[in-house]
There are 2 protein chains.
Amino acid sequence: MNNSVKSTSEPTLTDKFQRGNVLASGCPSRGVLQDVTSRWGVLVLFALLRGTHRFSELRKSITGVSEKMLSQTLHALEADGFVLRTAHPVIPPHVDYSLTESGREVAKRVEELVNWIEVNINPILNARDKYTQRYR
Amino acid sequence: MNNSVKSTSEPTLTDKFQRGNVLASGCPSRGVLQDVTSRWGVLVLFALLRGTHRFSELRKSITGVSEKMLSQTLHALEADGFVLRTAHPVIPPHVDYSLTESGREVAKRVEELVNWIEVNINPILNARDKYTQRYR
DNA sequence: CAGCATCCGGTTCGATACTG
DNA sequence: CAGTATCGAACCGGATGCTG
């Protein structure tokens, strides 16, 4: 749910009001960035770009995510206005998650990043292998 | 430095070889994605897009990062082939960090994401306030 | 089904001290 | 200057049990 700055080193006064510069620790964009680029946040946005999904569907499609983390991630993204949660009052409960307008905008950018990495994964892995060989 | 999969739930056999799908836990792209979207990874890439920098310069410009985390982040990005480390053999030591060709490619995509968030930070923050008011 | 509350082990992180 | 080593503290994340 991300409560302000997590760093224990107090942001300076200048930082605190330095909006518009992520490199400054007080910049509120850092918090949002954290939600979006969090381990599961990226994958949730990526998954929801392919359409509306229920909680259990997301849980299945995003392999490895726990119930708790998925829930937490969805809440954070909902709070930021990126994800829309729609609960249908039926029994058993049925809840749908989809992207909002701004959610689609961020998700598109996340997707571009993810896609680039997937396309170029082999050269990257090779680089990594070379690196570990040299410095092991 | 990211060693393969971190999730404790064992990836299934199908996962393990399911390349080309980040949503599967065995996909190697997830690891790279973690390096790139890590708390400080994003900011380092963003900063280096503005040119070559020394260790201490990065430490100063990226407010709040500790020496240890900066070092760790730079190593991970170097291993993935995104960052080039150039040590000049002088005393006192002088080390430059810059982006590689592929580093610039990822960084550009990271930048687009960051920029979008910065531009739209106010509506997002408002959404968050509304949310916390409603559910506090 | 969708999810919160709680516990708890492992990892990460930051501050500090130290080295080449 | 550019790091590594070390050590608590904080946090993450999974498992379990329970609710509507």
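Lettering of chains follows the sequences in order, A, B, ..., and the numbering in each one begins at 1. If you're wondering where the values come from, they're calculated on a predicted model, not measured in any experiment.
Along DNA chain D, the nucleotide closest to A/Pro92 and the one closest to A/Ser66 are compared, and the more 5′ of them pairs with A/Ser66.
Rounded to an integer number of Å, the gap from A/Trp40 CH2 to D/dC12 C1' is 12 Å. Note: CD (B/Gln34) to P (C/dC13) measures 10 Å, nearest angstrom. Distance B/His53 NE2 to D/dG3 P: 15 Å, rounded to the nearest Å. Atom P of nucleotide C/dT11 and atom CE of A/Met69 are separated by 16 Å, given to the nearest angstrom. Residue B/Asp96 contributes atom CG, which lies 14 Å from atom P of D/dC1 at whole-angstrom precision. Rounded to whole Å, atom P of C/dT16 lies 18 Å from atom CG of B/Leu70.
Residues satisfying the salt bridge (Lys or Arg N to Asp or Glu O under 4.0 Å) test with A/Arg50, not counting sequence neighbours, are A/Glu111. Partners of A/Arg54 by salt bridge (Lys or Arg N to Asp or Glu O under 4.0 Å), not counting sequence neighbours: none found. Taking B/Lys108 as the reference, B/Glu105 meet the salt bridge (Lys or Arg N to Asp or Glu O under 4.0 Å) condition, with sequence neighbours excluded. Partners of B/Arg104 by side-chain hydrogen bond (donor to acceptor under 3.5 Å, both in side chains), not counting sequence neighbours, listed by chain and number: B/Glu101.
Residues B/Leu49 and B/Leu45 fail the side-chain proximity criterion, which asks for heavy atoms closer than 4.5 Å.
Classification of the B/Phe55-B/Tyr97 ring pair by plane angle, with boundaries at 30° and 60°, yields tilted.
Between the side chain of A/Thr63 and the backbone N or O of B/Leu23, at least one donor-acceptor pair lies under 3.5 Å.
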Identify each atom pair where a protein N or O and an N or O of nucleotides 2-5 of chain C are less than 3.5 Å apart, giving names and distance.
{"from": "C/dA2", "atom 1": "OP1", "to": "A/Arg54", "atom 2": "NE", "distance (Å)": "2.7"}
{"from": "C/dA2", "atom 1": "OP1", "to": "A/Arg54", "atom 2": "NH2", "distance (Å)": "2.8"}
{"from": "C/dA2", "atom 1": "OP2", "to": "A/Ser56", "atom 2": "N", "distance (Å)": "3.3"}
{"from": "C/dA2", "atom 1": "OP2", "to": "A/Ser56", "atom 2": "OG", "distance (Å)": "2.6"}
{"from": "C/dG3", "atom 1": "OP1", "to": "A/Arg85", "atom 2": "NE", "distance (Å)": "3.0"}
{"from": "C/dG3", "atom 1": "OP1", "to": "A/Arg85", "atom 2": "NH2", "distance (Å)": "2.6"}
{"from": "C/dG3", "atom 1": "OP1", "to": "A/Tyr97", "atom 2": "OH", "distance (Å)": "2.8"}
{"from": "C/dG3", "atom 1": "OP2", "to": "A/Tyr97", "atom 2": "OH", "distance (Å)": "2.8"}
{"from": "C/dG3", "atom 1": "N7", "to": "A/Glu67", "atom 2": "OE2", "distance (Å)": "3.3"}
{"from": "C/dC4", "atom 1": "OP1", "to": "A/His75", "atom 2": "NE2", "distance (Å)": "3.4"}
{"from": "C/dC4", "atom 1": "OP2", "to": "A/Ser71", "atom 2": "OG", "distance (Å)": "2.6"}
{"from": "C/dC4", "atom 1": "OP2", "to": "A/His75", "atom 2": "NE2", "distance (Å)": "3.0"}
{"from": "C/dC4", "atom 1": "N4", "to": "A/Glu67", "atom 2": "OE1", "distance (Å)": "2.9"}

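Comparing the end axes of the helix from C/dC1-D/dG20 to C/dG20-D/dC1, each fitted to five base pairs by superposing C1' atoms of four pairs onto the next four, gives an inter-axis angle of 50° (nearest 10 degrees).
Of the inter-residue distances, the one linking B/Phe46 atom CZ with B/Glu118 atom CD reads 5.5 Å to the nearest 0.5 angstrom.
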